[in-house]
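Below is one structure, written out as structure tokens, with a few remarks after it.
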Amino acid sequence: MFDVAIIGAGIIGAMTARELSRYQLGVVILEKENDVAMGTTKANSAIVHAGFDAEPGTLKAKLNVAGSEVMEGICQELGVKYRRNGSLVVAYSEEDLPKVQELYDRGIANGVKELSVIGKDELKALEPSISDTAVAALYAKTGAIVCPYELNIAAVGNAMDNGVELKVNYEVTGIDAVEDGYVIHGTGEDVKARFIVNAAGVYSDKVAEMVGDHSFTITPRKGEYMLLDHDCVGDITHTLFNVPNKMGKGILVSPTVDNNLILGPTATNQEDREDKNTTPEGLAMVETNARRVVPGINTRGVITQFAGLRAVGNTGDYILTSPRKGFWNAGGVESPGLSSAPAIAHYLVEHMAAEGLALVPDETYNPCRKALHKFSEMSIEEKNEVIRQNPLYGHIVCRCETISEGEIVDAIHMNPPARDVDAVKRRTRAGMGRCQGGFCGPMVTEILAREWNIPMEQVTKFGGESYLNYGKTREVKSHDES
Ligand SMILES: Cc1cc2nc3c(=O)[nH]c(=O)nc-3n(C[C@H](O)[C@H](O)[C@H](O)COP(=O)(O)OP(=O)(O)OC[C@H]3O[C@@H](n4cnc5c(N)ncnc54)[C@H](O)[C@@H]3O)c2cc1C
């Protein structure tokens with residue numbers, strides 16, 4: 001019997017697992033996909049929000065500010081890129097100024113530090129490419145950027161290094177309450193646990209229903225994005241938000257920690273919990289609103305488009321509730337959920353402790369995770385040294401992002417292991433560049449087959465039946481002809 005079973009390996013499940021791994025506890029994460037960070041955490045704006053957006057007094061407000069404050073330290077421990085680039089909410093007219101003031105007042109009430117309203121000259125000095133129509137901005141110096149899936153993967157990896165078990169391809173389908181806890185049924189052997197954390201993202205209401213909790217519902221809200229190549233970032237350094245108004249709501253322009261430029265997101269409610277397709281209308285809206293902030297954006301440099309689904313709850317706040325002893329919901333964790341994740345994890349663990357979960361510190365706990373070698377960021381001396389130790393670092397597989405075979409092999413064997421092509425991509429950036437894996441994809445497939453000792457035909461893009469190869473051309477052809 002585990003002490004805690006966490007359902008869902010997004011950022012909330014990951015941070016909760018890491019928080020629990022400080023203690024002498026048996027913890028398991030159950031994830032329905034072939035890898036971690038496959039839900040909302042994979043596709044969002046990647047902003048560590050300062051905390052001026054949420055209504056004062058809400059969990060969103062408190063946990064956003066608390067999470068944002070500890071994020072930099074956590075990223076250092078986990079070897080994850082983090083940049084405190086600051087954010088600007090841009091006003092274009094006198095009409096927009098009350099909204100800027102409202103956000104400022106909220107930020108102050110929420111305890112956000114280093115917040116100010118700046119005028120046109122200071123704004124232009126900070127961001128020379130910003131639209132000439134901009135008149136003022138809310139400036140949050142504590143706003144930051146991070147890579148959400150890198151953080152998610154690293155947090156699970158660190159939790160696993162400290163003893164947490166991860167079961168992927170385990171979809172929870174039913175839960176029975178028993179005398180000393182719960183029996184979880186799913187696409188694998190039953191799992192018994194004294195406590196359950198429901199961190200199932202857009203499915204968190206469905207998982208809650210498995211224990212008879214019908215207290216909340218989730219509506220998926222799609223957000224579409226465009227991602228631009230490195231040379232499109234230009235002199236943009238801050239995260240640039242439009243003041244929300246009838247022209248455009250919530251669409252931002254921001255550099256990423258990997259020096260791309262991200263534009264988006266839209267906001268459209270839908271019923272489907274899986275549909276993450278982009279649409280021509282959505283992308284057009286992204287482009288129009290992004291150009292409002294930075295008119296000169298070069299959208300010919302788009303290298304990919306994607307969409308993510310917000311898990312919008314019907315309460316307006318995070319749903320961190322316990323409908324029955326030992327069962328904790330982390331539902332409705334929409335934006336700023338990434339920023340709040342460390343604080344949400346802390347909140348859940350504190351509340352489980354109050355219900356009897358014994359938190360005995362584990363003396364062997366190590367908060368630090370060995371980061372993967374980043375070959376492209378090394379000096380020539382460092383490159384020579386790692387190649388001397390392991391010649392696989394001298395073989396560049398992804399030319400767009402300069403990713404070596406050594407890094408890919410490391411990613412396949414580190415916790416949590418990469419089992420498919422997209423998992424390698426999220427850990428190493430092989431396939432993230434301009435050619436989007438057109439060149440390196442087959443080589444990554446070959447390396448995965450070799451390292452997992454499986455035929456090429458069994459390597460998938462993202463688990464399930466997403467096979468990439470169906471056999472040797474000659475064999476497939478003769479089969480077709482027969
Ligand atoms: C468009 C958009 C922009 C955003 N921008 C930001 C931002 O800039 N900053 C910010 O702070 N936040 C942002 N957010 C919010 C943030 O991304 C989320 O709050 C956060 O990722 C939620 O994490 P999660 O772990 O709750 O959910 P998820 O990442 O979705 O993880 C849930 C996991 O549960 C698994 N699962 C579901 N059902 C089952 C089951 N039955 N059995 C087993 N596993 C299951 C899923 O496969 C998934 O891996 C944004 C969100 C969106 C959509």
Side-chain angles (χ1 to χ4, degrees), residues 1-21 23 25-36 38-41 156 159-160 164-220 273-274 309 311-315 318-333 337 341 344-345 347-358 463-464:
M1 155 110 61
F2 288 96
D3 292 300
V4 186
I6 298 169
I7 303 172
I11 194 65
I12 302 303
M15 285 290 173
T16 307
R18 180 173 186 257
E19 186 67 26
L20 288 167
S21 73
Y23 307 104
L25 294 169
V27 179
V28 63
I29 313 176
L30 307 173
E31 169 54 53
K32 73 180 170 71
E33 301 294 339
N34 199 39
D35 192 19
V36 309
M38 290 287 283
T40 304
T41 308
V156 173
M160 290 173 78
V164 169
E165 207 175 302
L166 169 69
K167 290 182 193 287
V168 290
N169 296 312
Y170 192 107
E171 179 172 358
V172 174
T173 52
I175 301 172
D176 287 329
V178 291
E179 202 185 321
D180 51 352
Y182 296 92
V183 177
I184 301 169
H185 312 287
T187 47
E189 276 184 13
D190 285 357
V191 170
K192 288 186 185 164
R194 289 174 51 226
F195 285 80
I196 292 179
V197 173
N198 165 17
V202 289
Y203 290 96
S204 51
D205 55 345
K206 299 290 172 203
V207 170
E209 283 171 15
M210 293 178 195
V211 294
D213 176 17
H214 299 271
S215 64
F216 68 97
T217 55
I218 297 293
T219 303
R273 294 176 196 238
E274 294 294 330
L309 300 181
V312 180
N314 58 336
T315 67
Y318 298 149
I319 299 156
L320 308 181
T321 53
S322 177
R324 49 181 303 140
K325 189 171 183 299
F327 185 97
W328 279 87
N329 289 312
V333 185
I344 292 177
Y347 181 99
L348 292 170
V349 173
E350 262 190 345
H351 281 75
M352 286 191 282
E355 267 193 342
L357 182 68

Report yes if the side chains of [X] and [Y] come closer than 4.5 Å at any heavy-atom pair, otherwise no.
{"X": "R324", "Y": "D213", "answer": "no"}
{"X": "L20", "Y": "I6", "answer": "yes"}
{"X": "M352", "Y": "V197", "answer": "yes"}
{"X": "V191", "Y": "K167", "answer": "yes"}
{"X": "T16", "Y": "V27", "answer": "no"}

Main-chain N/O of [Y] paired to [X] side chain as donor or acceptor, under 3.5 Å:
{"X": "D205", "Y": "I218", "answer": "yes"}
{"X": "E33", "Y": "D35", "answer": "no"}
{"X": "S322", "Y": "W328", "answer": "no"}
{"X": "T217", "Y": "N314", "answer": "no"}
{"X": "E355", "Y": "G326", "answer": "yes"}

Handout entry: I344/I11 under side-chain contact (heavy atoms from CB on, under 4.5 Å): CA gap, chis, key distance, verdict
Key = CA-CA 10 Å; I344 292 177; I11 194 65; over 6 Å; no
Handout entry: Over 12 foreign heavy atoms within 6.0 Å of CD, E189
Key = no
Measure the spacing between [atom1] of [X] and [atom2] of [Y] and express it to the nearest 0.5 Å.
{"X": "I184", "Y": "K192", "atom1": "CD1", "atom2": "NZ", "value": "11.5 Å"}
{"X": "L30", "Y": "T187", "atom1": "CG", "atom2": "OG1", "value": "9.0 Å"}
{"X": "I175", "Y": "Y182", "atom1": "CD1", "atom2": "OH", "value": "8.5 Å"}

Practice task
Answer yes if the side chains of N329 and T321 hold a donor-acceptor pair under 3.5 Å, and no otherwise.
Solution key: yes
Practice task
Could you pull out the closest heavy-atom pair between G332 and S204, with the gap in Å?
Solution key: N-OG, 4.1 Å
